[in-house]
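Comments concern the structure below.
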Amino acid sequence: MYALIDCNNFYASCERVFRPDLNGKPIVVLSNNDGCVIARSNEAKELGIPMGAPAFEYQKVFDKEKVHVFSANFQLYGDMSNRVMSILSDFSPDIEIYSIDECFLKLDGFGFFDFESYGEQMRTKVSKSTGIPISVGFAPTKALAKLANRIAKKYAEHTHGVYSMSTDALRVKALKWLKIEGVWGIGRQHARRLSAIGVKTAYDFTQMEDAWVQKNMAIVGLRLKRDLCGIRTLDLEEAQAKKNIATTRSFSNNITEYDELCERVTSFAVSCSEKLRKQSSCCREVNVFILTNRHRTDQPQYNPSIKVRLRYATNSAIEIAKYALLALKKIYKRGYGYKKAGVIVQDLVPEESEQLSMFTDRDRRHNPLMKVVDKMNSLYGTNTLRLGAQERRKWIMRQEKLSPRYTTDIRDIIEIVL
DNA sequence: TCTGGGGTCCTAGGACCC
DNA sequence: TCTGGGGTCCTAGGACCC
């Protein structure tokens, strides 16, 4: 069996842990720049606020219904996630952390367990230790565990957040219940095509011919079908070093000036280099893109990107920023309002497998310098040490409703007044 | 006026080779 | 009118996930 454990309304729940006065009240969490809704409490869902809703379009609803609005506090969510995952990893030796709020457990050799009570134990432990509510689904395959989890959550009044798909009859019943667009691994495109030919439920999909699935949905679709049929096909995936690393942001206002864009791109490059060093990788390619505002159809659009090949693999902030700026210089055009930009580092290699070059002009001092920069910034805060090109910092991210960093910054620790 | 960010995998088709 | 066959590698783009 597999278990899929998922935190309910994760970001909203994180905020609520430290604001118990908000229990039972609608909460939404907004993306960077307070742009759109990325998490909703059940109460907010009931008000009809959709996922991804632009905040400005729903401001009236927020006001009228007294919705509590939070700016995204990713430091808090990341830390809470680590706590939850750490607890759940005690329930099986085999765990795959699938996303910030989800994990799979593989339960080989747990055959004699009563899964419902095992799931209940998980809920109690996580709730008691972190305050985060979770749902647990058990099933013979990963895709079915996803489905079992949906049932656990959807019918919480009956399941109390735990559901075990213990028989084949239950599997078939669940598949007939699950609409095709709700299947994990079937997105909007495939759902539309399948629906058009009469495949309306997950069960219908499992009755399709392999040849059709292979032809139209490739090997990925076929694997999914097998997994839904109860044939164990997808397995836990080991955490691996990332193959691409990106830092991209939208701006609260359009940027037209080259200098300002340079500052942003430099900061994105520096951020990418930090992420590279964190996973002990170097990159051999730097990709830079800038985008105009696609929602402003009245304004001219220009969305260039460019890839720069480095002469040697590096994770030095100085090098990566240098090439990112060279790249930006090539694509920047005056006369456009840029809404978003980003740096992506690619073709990553492990730090230690550095390719030696006979004529390398690599500056050997960068490595120790970066070590010091990382150490200082971790001791005294992000950007305590930064590149000169980052100095002209005029921008500020809109985060009007940011909650404290209760668990990661001693200055924000919660106070209890007796 | 205001509309997120960060990933993965797969495949078709082009470039290139003999 | 006729103008081969069989590979590999790379990449852009499409699909998906949270």
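What you see is a predicted model; the values in this text were computed from it and never measured. Each chain gets a letter, A, B and so on, in the order its sequence line appears, and its residues count up from 1.
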Using a heavy-atom cut-off of 4.0 Å across all strands, would you classify A:Leu30 as base, sugar-phosphate, or nothing?
nothing

Picking from B:dC9, C:dA15, B:dG4, the nucleotide nearest the side-chain atoms of A:Arg223 would be B:dC9

Once you apply a heavy-atom cut-off of 4.0 Å, does A:Arg296 come out as touching a base, just sugar-phosphate, or nothing?
sugar-phosphate

For A:Tyr98 together with A:Trp184, are the ring centres under 6.0 Å from each other?
yes

Minimum-distance nucleotide to A:Ile38 side chain [options: B:dT8, C:dC17, B:dG4]:
B:dG4

Could you state the atom-to-atom distance from CZ of A:Phe104 to P of C:dC18 in whole Å?
9 Å

So, is A:Thr248 close to the B:dG6 phosphate, meaning a side-chain N or O under 4.0 Å from OP1 or OP2?
yes

Provide, to the nearest angstrom, the distance between the NZ atom belonging to A:Lys142 and the P atom belonging to C:dC16.
18 Å

Where the side chain of A:Cys36 is concerned, which of C:dC17, B:dG4, B:dG6 is the nearest nucleotide?
B:dG4

If you measure from the Lys or Arg side-chain nitrogens to the Asp or Glu carboxylate oxygens, is any gap between A:Arg83 and A:Asp79 under 4.0 Å?
yes

Short N-O contact, A:Arg284 and A:Asp347, less than 4.0 angstrom:
yes

Quick one: look up who C:dG6 pairs with, Watson-Crick or G-U, both distances under 3.5 Å, and put none if it's unpaired.
B:dC17

Whether A:Arg226 and A:Asp210 form a salt bridge (side-chain N of Lys/Arg under 4.0 Å from carboxylate O of Asp/Glu) is what I want to check.
no

Give A:Ile100 one of three labels, base, sugar-phosphate or nothing, depending on what nucleic acid heavy atoms sit under 4.0 Å from its own.
nothing

Taking CG from A:Leu276 and C1' from B:dG7, how many angstroms apart are they, rounded to a whole number?
15 Å

Per the salt bridge (charged side-chain N to carboxylate O under 4.0 Å, His left out) rule, which among A:Lys142, A:Lys106, A:Arg223 passes with A:Asp235?
A:Lys106

Quick one: on DNA chain B, does A:Glu57 or A:Ala241 contact a more 5' nucleotide (nearest heavy atom)?
A:Glu57

Within the structure shown, what part of the strands sits under 4.0 Å from A:Val29 by heavy-atom distance: base, sugar-phosphate, or nothing?
nothing

Side chains of A:Lys45 and A:Asn9: do they bring a donor and an acceptor to under 3.5 Å?
yes

Is A:Arg171 paired with A:Asp168 through a side-chain N to carboxylate O contact shorter than 4.0 Å?
yes

Could you tell me the separation between the CD atom of A:Glu400 and the P atom of B:dC2, rounded to a whole number of Å?
14 Å

Strand-adjacent residues in residues 338-347 of chain A, judged by heavy atoms under 4.0 Å from DNA chain B
A:Lys339, A:Lys340

Counting the benzene-type ring for Trp, do A:Phe91 and A:Tyr118 have ring centres under 6.0 Å apart?
yes

A:Tyr77 vs A:Phe74 aromatic rings, parallel, tilted or perpendicular, using cut-offs 30° and 60°?
perpendicular

Given B:dC10, C:dC17, B:dT8, which nucleotide is nearest the side-chain atoms of A:Ala218?
B:dC10

Closest approach to the side chain of A:Ser250, judged atom by atom: which nucleotide of B:dT8, B:dG4, C:dC18 is it?
B:dG4

Gap between atoms CE and P, on A:Met51 and B:dT3 respectively (whole Å):
17 Å

Minimum-distance nucleotide to A:Val220 side chain [options: C:dC18, B:dC9, B:dC10]:
B:dC10

Checking all strands, does A:Glu102 fall into the base, sugar-phosphate, or nothing category for heavy-atom contacts under 4.0 angstrom?
sugar-phosphate

Between A:Gly35 and A:Thr247, which is nearer to the 5' end of DNA chain B once each is assigned its nearest nucleotide?
A:Gly35

Taking the ring centre of each residue, are A:Tyr2 and A:Phe104 less than 6.0 Å apart?
no

Roughly how many Å apart are C:dC18 and B:dT3, using the P atom of each and rounding to a whole number?
25 Å

Using whole Å, what does the distance between atom P of nucleotide C:dC18 and atom CD of A:Glu237 come to?
13 Å

Spacing between A:Met85 atom CE and C:dC18 atom P, to the nearest angstrom:
13 Å

Identify whether any heavy atom of A:Lys215 sits under 4.0 Å from a base atom; if not, whether one sits that close to sugar-phosphate; answer base, sugar-phosphate or nothing.
nothing

Regarding the side chain of A:Ile219, the nearest nucleotide among B:dT11, C:dC16, C:dC17 is B:dT11

Check this one for me: any side-chain N or O of A:Asn33 less than 4.0 Å away from OP1 or OP2 of B:dG4?
no

Against the side chain of A:Ala246, the closest entry in B:dC10, C:dA15, B:dG7 is B:dG7

Side-chain contact check for A:Phe56: nearest option of B:dG5, B:dC2, B:dC10 is B:dC2

What is the distance, to the nearest angstrom, from the NZ atom on A:Lys307 to the P atom on C:dA12?
4 Å

For a quick check of understanding: with a heavy-atom distance under 4.0 Å over all strands, which category does A:Asn253 fall into, base, sugar-phosphate or nothing?
nothing

Which nucleotide, B:dG5, C:dC18, B:dT11, lies nearest any side-chain atom of A:Arg249?
B:dG5

Distance test, side-chain N/O of A:Lys60 to OP1/OP2 of B:dC2, below 4.0 Å
no

Within the structure, does a side-chain N or O atom of A:His190 lie under 4.0 Å from either OP1 or OP2 of C:dA15?
no

